[in-house]
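Quick note on labels: first sequence line is chain A, next is B, and so on, each numbered from 1.
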There are 2 protein chains.
Amino acid sequence: MDIRTRLISTAERLFDRYGFTATGMDRLTQAAGISSRTLYKHVGSKNGLMAAVLGERDRRFHRLMTVDSVDALFASLETWIDQEGARGCLFLRAWGETGGDVPEIAEAMARHKQRLQERIDEIVVAEIGRRDDELAEALLLLFEGATHAAAYSGSAAIAGARRAARRLITDARA
Amino acid sequence: MDIRTRLISTAERLFDRYGFTATGMDRLTQAAGISSRTLYKHVGSKNGLMAAVLGERDRRFHRLMTVDSVDALFASLETWIDQEGARGCLFLRAWGETGGDVPEIAEAMARHKQRLQERIDEIVVAEIGRRDDELAEALLLLFEGATHAAAYSGSAAIAGARRAARRLITDARA
DNA sequence: GCATGGGTAAAATGATCGTTTTACATTGAG
DNA sequence: CTCAATGTAAAACGATCATTTTACCCATGC
């Protein structure tokens with residue numbers, strides 16, 4: 001496996017499991033099996049590594065969320081959480097741990113959320129044949145809620161969000 | 001003001017603004033205007049301080065959320081966020097930053113979320129005159145979603161959640 | 001009038017932080 | 001053959017981490 005890929009996926013796992021600030025560079029280099037010199041050649045700094053991790057995660061996340069129905073959307077979320085675990089949105093966590101003060105990280109968060117919003121807009125059009133900003137907003141909130149409630153309620157949160165979403169879609173169709 | 005109260009409210013502000021791990025004890029003692037010796041006499045350790053902060057926040061939060069309608073619930077959430085800012089749920093953030101490995105913190109998070117669930121159960125009964133677990137779950141998800149989406153969408157997220165909640169209540173009454 | 005409890009300031013603890021540096025090994029291309 | 005790139009290991013950097021210790025101040029109550 002490519003060294004940069006290994007570094008970033010290792011970092012993603014450790015950041016998610018232990019938190020960003022609590023995960024030191026020594027632990028990172030040791031887990032990835034690379035020297036600290038190589039790490040800094042590749043990502044420049046810890047903030048650079050965090051931003052790179054978020055960038056990769058965003059691509060992987062949106063590849064999985066490219067669907068055209070709410071049922072499929074929440075099914076994908078369930079798959080995601082089965083694979084990744086549920087510790088809350090990693091973008092919000094990175095943003096919060098850095099106090100919103102690191103531009104690269106704040107931008108990665110904003111970009112990720114904007115893309116999510118756009119994806120849901122598209123799903124709404126596919127579902128009811130027209131734009132409906134109010135419905136899209138509600139679905140985003142249910143998605144966000146499920147992501148975080150899954151941390152303490154498990155996958156029941158996702159099933160609940162899916163049911164509520166379907167109900168709102170049905171209402172909007174009428 | 002009582003020294004312990006000042007310590008805990010200062011810590012809450014700094015933890016929320018800069019993150020738990022990123023906030024050092026020096027910064028804390030300096031901001032609270034107390035010596036480190038006194039801090040440790042009062043809360044024992046940094047984890048103890050974090051748990052104490054969450055305990056106080058839980059009391060304050062639930063005092064504000066003691067209402068009997070969804071409209072009032074989301075109005076209270078808006079008040080809360082106006083006062084406290086929107087950086088995501090501080091309980092989930094503390095839990096995430098510590099990897100879920102600190103019992104006192106994991107328990108504070110679980111307790112807080114369980115109480116929120118119970119409060120929403122009560123509101124559902126007040127609204128439609130009977131228990132409805134599915135509706136209550138949906139409202140919790142909207143609440144959780146609004147809490148986190150407010151970090152990047154501001155108070156529009158709360159207004160949106162309130163509208164969706166009202167719609168679900170109307171449906172459930174029929 | 002003096003002990004005691006609760007506070008202060010400041011230094012010391014040893015560990016760990018993110019980052020840079022020094023010195024060396026391997027390897028593929030011109 | 002050799003140069004340049006890319007990697008390693010390991011030490012050093014100064015800063016900061018959470019926590020403890022030492023030494024002192026000052027009030028309140030017996």
Side-chain angles (χ1 to χ4, degrees), chain A residues 1-55 93-106 108, chain B residues 1-55 93-106 108:
Chain A
M1 195 203 284
D2 178 56
I3 208 172
R4 187 190 162 89
T5 306
R6 192 175 68 220
L7 165 60
I8 289 179
S9 77
T10 302
E12 183 179 352
R13 185 169 44 83
L14 294 184
F15 283 155
D16 181 52
R17 172 62 182 84
Y18 300 105
F20 291 88
T21 314
T23 302
M25 299 304 256
D26 278 10
R27 195 179 210 173
L28 240 11
T29 52
Q30 194 183 337
I34 64 172
S35 68
S36 73
R37 200 175 199 276
T38 303
L39 186 150
Y40 280 92
K41 288 277 179 204
H42 276 285
V43 294
S45 66
K46 189 180 189 181
N47 285 338
L49 176 58
M50 290 171 60
V53 163
L54 295 181
R93 290 172 61 195
W95 179 76
E97 284 205 36
T98 54
D101 294 327
V102 181
E104 339 163 45
I105 292 169
Chain B
M1 194 203 286
D2 178 56
I3 208 172
R4 186 191 164 90
T5 306
R6 192 176 67 220
L7 165 60
I8 289 179
S9 77
T10 302
E12 183 178 353
R13 185 169 45 84
L14 294 184
F15 284 155
D16 181 51
R17 171 64 181 81
Y18 300 105
F20 290 89
T21 314
T23 302
M25 298 304 256
D26 278 10
R27 195 180 211 174
L28 240 11
T29 52
Q30 193 182 338
I34 64 172
S35 68
S36 72
R37 198 175 200 276
T38 302
L39 187 150
Y40 280 92
K41 288 277 181 206
H42 277 285
V43 295
S45 66
K46 189 180 188 181
N47 285 338
L49 176 58
M50 290 171 61
V53 163
L54 295 181
R93 289 173 61 195
W95 179 77
E97 284 205 36
T98 55
D101 294 327
V102 180
E104 338 162 46
I105 292 169

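- Here the range on DNA chain C touched by chain A, meaning any atom under 4.0 Å from one of its heavy atoms, is C:dC17 to C:dA23.
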For nucleotides 8-22 of chain D, read 5' to 3', which letter fits each nucleotide if B means a protein heavy atom sits under 4.0 Å from the base, S means only the sugar-phosphate is that close, and - means neither? BB-------SSBBBB

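- Distance alone, capped at 3.5 Å, places no donor-acceptor pair between the B:Arg93 side chain and the A:Arg93 backbone.
- Among B:Val102, B:Thr23, B:Ile105, B:Val43, the one residue that satisfies the side-chain contact (heavy atoms from CB on, under 4.5 Å) test with B:Met50 is B:Ile105.
- The nearest whole Å value for the distance from the CG atom in A:Leu7 to the P atom in D:dT6 is 16 Å.
- Helix bend of the helix from C:dT19-D:dA12 to C:dG30-D:dC1: the angle between its two end axes, each built from five pairs, comes to 10° after rounding to 10°.
- Side-chain contact between A:Phe20 and B:Thr21 is absent, with no heavy atoms from C-beta onward closer than 4.5 Å.
- Looking at B:Ile34 and B:Arg6, their side chains come closer than 4.5 Å, going by heavy atoms from C-beta outward.
- Of the inter-residue distances, the one linking B:Leu7 atom CG with B:Thr29 atom OG1 reads 9.5 Å to the nearest 0.5 angstrom.
- Note that CD of A:Glu97 and CD of B:Glu97 are 3.5 Å apart. Values are rounded to the nearest 0.5 Å.
- Between B:His42 atom NE2 and B:Asp2 atom CG the span is 7.5 Å, to the nearest 0.5 Å.
- The distance from atom CG of B:Leu28 to atom CG of B:Leu14, rounded to the nearest 0.5 Å, is 6.0 Å.
- To the nearest 0.5 Å, atoms CZ (A:Arg27) and OG1 (A:Thr10) are separated by 12.5 Å.
- Close to D:dT6, at under 4.0 Å from its OP1 or OP2, lies no side-chain N or O of A:His42.
- Residue A:Ile8 holds its CD1 atom at 11.5 Å from CD1 of A:Ile3, rounded to the nearest 0.5 Å.
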